[in-house]
Amino acid sequence: KSDIILYATGKWQFTIIPFSNAIDQDTRLYNCQKNILHYLSEIGREHKVTLKANNTPGRNEIPHNCQNIRIDYTSPFTTCLQTAKLVILDTPGTTLLEALTTDVPLFVMSGRAPWEKNTMEMLRKRAVVADTTDDLIRHLKKYLEDETYPADVNDKEFLKAFGSVASITDAKRNAIKVLDEVFGSS
């Protein structure tokens, strides 16, 4: 068991999609970071907190005060995940699938992009999904107080639908099997 609270944040979009009708993703990310980091700075006196910045150069600035928080700009998320006692994601994507391969409690912000209703229902079986940072922080506080986690860390439905539950060994074996079928055994 680890004692590190891992907060992995998304990347800034800038003007990648300037004419989109979608929510302003950068304003959303800024507000998520501001509120979550304020809370984590407060509890960082009692808990070890790591902010895993996005690895994309030029899109990973952290324009907030991060007292009592270690910031990691370079390590792969999967490396940080190995020492996490819980994970917070403000921009679920690849990091979500990686976190779902573990049995670590997962707290996820919704709202960066619209998701299908059934997809979100699957995710809520495994992770605590919050629509606001206040809601997310309330769930984090409850978990840190008495380990209340209204999801199942062993639920693999979302992972099976959008990722893989196969081990690396199984994945390699399956890839070799397919290549043998296509090109013939050697």
| query | Is a donor on one side and an acceptor on the other found under 3.5 Å between the side chain of Thr83 and the backbone of Cys80? | reply | yes

| query | Would Tyr7 and Asp90 count as having a side-chain donor-acceptor pair, cut-off 3.5 Å? | reply | yes

| query | Does the gap between the ring centers of Tyr149 and Phe107 come in under 6.0 Å? | reply | yes

| message | Could you tell me if Asp135 and Thr132 have a donor-acceptor pair between their side chains, going purely by distance under 3.5 Å? | response | no

| said: Could you check whether atom NZ of Lys48 has more than 12 heavy atoms from other residues, nucleotides or ligands sitting under 6.0 Å from it? | reply: no

| So do the side chains of Lys177 and Asp180 get within less than 4.5 Å of each other, counting heavy atoms only? | no

| field | Validation row: Leu144, Lys85 side chains within 4.5 angstrom (heavy atoms) | value | yes

| query | Going by distance alone, is a donor N or O of one side chain under 3.5 Å from an acceptor N or O of the other, for Asp131 and Ser110? | reply | yes

| In this structure, are over 12 heavy atoms from other groups packed under 6.0 Å from His38 atom NE2? | no

| Sub-4.5 Å side-chain heavy-atom contact between His47 and Asp3 | no

| Any side-chain donor-acceptor pair under 3.5 Å between Ser41 and Asn68? | no

| message | So for atom CD, which belongs to Gln67, do other residues, nucleotides or ligands contribute more than 12 heavy atoms lying within a distance under 6.0 Å? | response | no

| For Ala151, does its backbone N or O pair with a side-chain atom of Arg126 as donor and acceptor, under 3.5 Å? | no

| Beyond-backbone contact of Trp115 with Leu123, side-chain heavy atoms, under 4.5 angstrom | yes

